[in-house]
Amino acid sequence: MPNVILLGPPGAGKGTQAKRLEDERGMVQLSTGDMLRAARTSGTEMGRRVAEVMDRGELVTDDIVIGLIGERLSASQGGGFIFDGFPRTLKQADALAALLDRMGQRLDAVIEMQVDDAVLVARITGRYICGSCGAVYHDTTRPTRVAGVCDACGSTDLRRRADDTEEALKQRLLEYYKKTSPLIGYYYAKGLLTTVDGLADMDAVGAAVAAVLDRRG
Ligand code: ADP
Ligand code: ADP
Ligand code: ZN
């Protein structure tokens with residue numbers, strides 16, 4: 001199965017499409033955001049520091065996230081990875097190339113989910129997630145079928161993210177443009193980049209992502 005990076009600003013729809021690919025194709029989502037959210041509840045000193053950085057909307061240090069991805073990859077077999085929210089810096093991109101190389105895997109596609117920044121506030125402030133399985137919902141564009149109950153796993157642990165405020169989003173967008181958006185040019189130059197319209201409805205975005213994988217995978 002192909003290995004793909006989903007690239008885009010906070011709220012672009014990366015997590016939503018990653019979950020779809022897991023359900024529809026049995027691919028494996030590797031979300032550094034989810035891994036870091038798990039680490040922050042661990043009660044360790046590292047977890048406490050990570051929580052502070054995340055809630056300010058800044059990027060966690062490269063070494064920490066590269067370590068997390070490295071652990072996950074070395075524990076897995078085969079491919080079919082969906083990198084969601086990783087890499088976010090050129091250093092992380094280089095580290096990923098080295099890790100995949102060591103596993104005899106390659107990167108098949110990088111999908112940029114292009115959105116208008118003006119929609120991101122509404123996307124982010126309406127988002128809620130399942131604390132149990134990580135499914136992603138939205139107050140208006142994708143509410144759970146039964147209020148308060150996760151469609152995917154039945155959990156009632158639905159929550160908002162501490163960093164999903166308008167204030168933290170400003171910082172997250174700045175970080176995206178300063179540190180992550182250079183990856184668009186970087187992967188374009190490698191011949192791996194395809195851009196999809198992230199403003200379309202979720203099914204249409206899903207179809208566009210599927211078409212890229214069928215072409216490149
Ligand atoms: P979003 O849904 O906004 O794209 P994520 O869940 O991917 O957010 O990430 C949430 C936060 O976790 C980021 O703002 C950042 O603090 C931290 N984080 C996640 N992935 C990375 C990464 N690859 N490098 C650095 N920090 C990261
Ligand atoms: P990211 O992982 O890139 O931060 P998410 O997948 O978590 O983005 O999506 C952000 C919010 O926008 C969520 O509440 C999600 O339900 C909603 N959303 C995702 N894709 C779309 C879409 N195509 N149209 C409308 N809302 C969307
Ligand atoms: Zn759930």
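Scope of the values below: all heavy atoms of this structure, side chains included, with no hydrogens, waters or symmetry mates. One is the number of the first residue; the rest follow in order along the sequence. Both ligands and their constituent atoms are indexed starting at 1 by order of listing.
The structure places CG of L99 at 8.5 Å from CD1 of I69, a figure rounded to the nearest 0.5 Å.
No part of R40 comes within 4.0 Å of ligand 1, judged by heavy-atom distances.
Distances between N or O atoms of Y137 and those of ligand 2 include at least one value under 3.5 Å. Considering backbone and side-chain atoms alike, D163 places every N or O at 3.5 Å or more from each N or O of ligand 1.
The closest approach between V53 and ligand 1 stays at or above 4.0 Å for every heavy atom of the residue. Every heavy atom of M35 sits 4.0 Å or more from the atoms of ligand 1. Distances shorter than 4.0 angstrom do not occur between any heavy atom of R56 and any atom of ligand 1.
At a threshold of 4.0 Å, the pair R142-D201 does not count as salt-bridged, since none of the basic side-chain nitrogens sits closer than that to a carboxylate oxygen.
Near G15, meaning under 4.0 Å from one of its heavy atoms, ligand 2 places the atoms 1 (P), 2 (O), 6 (O). Counting the atoms of ligand 2 from 1 in the order shown, those under 4.0 Å from a heavy atom of A12 are 3 (O), 8 (O). For ligand 1, the atoms lying closer than 4.0 Å to a non-hydrogen atom of R37 are 6 (O), 10 (C).
At the top of the distance list for atom 9 (O) of ligand 1, counting protein heavy atoms only, stands R88 NH2, 3.6 Å.
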